[in-house]
Amino acid sequence: MNVVRKKLGQPPRVQASMDFGDGHAIQVLDLASGIHLVVEGGRAIDHPPADRGKTVAPPDAGLTEGGERTGSGKPNARTADEQTWFRNTFCNGAQACVQAWDWTFSQTDHAVGHANGVGWVGSEGTNNATFTVSIWECVCSGPFCIGGEDCFWVVNWSGVIVPGNYLSLDTNSTGSVYVRWELAGAGGGTQVSFAARY
């Protein structure tokens with residue numbers, strides 16, 4: 001099994017912040033790596049169109065990119081409707097769309113100059129989830145690269161998604177980089193969604 005190392009990058013510099021009210025805000029960040037990041041967050045839906053007593057089956061959680069349900073109880077119609085809303089809003093035309101439980105990750109299949117990842121945590125959750133974006137970086141391990149290269153994921157940004165909310169990370173690079181998004185810690189009984197466009 002290959003072990004992938006991670007290192008934390010320098011803290012981002014906030015270029016601009018905009019608060020649109022009702023929990024919807026955007027931040028523009030400059031990262032030390034030269035990447036520009038646009039972070040958008042907001043409430044998924046205020047009043048999902050579900051009957052209170054009706055239970056709707058959740059989307060397939062058996063994907064390899066996402067966690068499987070743990071814990072007791074059944075998903076309720078409210079959060080199944082949130083999953084449907086996310087899929088209809090963010091997954092159309094996306095290169096990756098994962099709906100699962102507790103955690104998910106995705107990474108680009110080729111180096112890109114621009115990528116967008118959107119994560120969402122179901123309102124049934126009781127834990128805030130961590131959402132990170134990393135880039136793949138290789139550096140020489142000796143003078144003139146005689147020792148070869150060491151490669152690792154560099155965490156460029158990390159934030160929190162509160163249950164019932166989504167967060168959109170827009171990554172722009174002056175060159176082409178591999179991008180990886182991770183959403184983790186929502187809890188085994190909490191539905192999560194992720195979509196990426198690049």
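Because only heavy atoms are used, hydrogens play no part in the values below, and waters and symmetry mates are left out as well, while side chains stay in.
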Requested in this report: Please tell me if the side chains of W157 and L169 come closer than 4.5 Å, counting only heavy atoms from C-beta onward.
Outcome: yes
Query - Close side-chain approach of T190 to D102, heavy-atom, < 4.5 Å - result: no
Query raised in the report: Considering residues at least two apart in sequence or located in another chain, which fulfil the side chain to side chain donor-acceptor pair (under 3.5 Å) criterion with T171?
Result: none
Requested in this report: Just grab all the salt bridge (charged side-chain N to carboxylate O under 4.0 Å, His left out) pairs involving residues 23-36, residues at least two apart or on different chains.
Outcome: R13-D30
Report task. Would you check if the distance from the ring center of W181 to the ring center of F131 is below 6.0 Å? Result -> no
**Report entry** Candidate pair S123 and E82, rule side chain to side chain donor-acceptor pair (under 3.5 Å), full reasoning
**Finding:** CA-CA 8 Å; S123 63; E82 288 175 348; 2.8 Å; yes
Query raised in the report: Does the side chain of D170 come within less than 4.5 Å of H114's, by heavy atoms?
Result: yes
Requested in this report: Let me see the working for E137 and F152 under side-chain contact (heavy atoms from CB on, under 4.5 Å), right down to the final yes or no.
Outcome: CA-CA 6 Å; E137 186 174 289; F152 41 86; 4.2 Å; yes
Query raised in the report: Are Q99 and V192 close enough that some pair of their side-chain heavy atoms sits under 4.5 Å apart?
Result: no
Query raised in the report: Yes or no on side chain to side chain donor-acceptor pair (under 3.5 Å) for N116 and S168, after CA distance, side-chain angles and deciding distance?
Result: CA-CA 7 Å; N116 175 265; S168 173; 3.0 Å; yes
Query raised in the report: Checking side chain to side chain donor-acceptor pair (under 3.5 Å) for the pair S134/E182: CA distance, chi angles, key distance, verdict?
Result: CA-CA 8 Å; S134 304; E182 296 178 63; 4.6 Å; no
**Report entry** Polar side chain donor-acceptor pair, Q95 to R197, under 3.5 angstrom
**Finding:** no
Requested in this report: Measure from the ring center of F90 to the ring center of W85 and say whether it is less than 6.0 Å.
Outcome: yes
Requested in this report: Report yes if the distance between the aromatic ring centroids of Y178 and H110 is under 6.0 Å, otherwise no.
Outcome: no
Query - Shortest non-hydrogen separation from S158 to T130 and the atoms involved - result: OG-CG2, 3.4 Å
Report summary line: Between L167 and V160, the two heavy atoms sitting closest are CD2-O, 4.2 Å
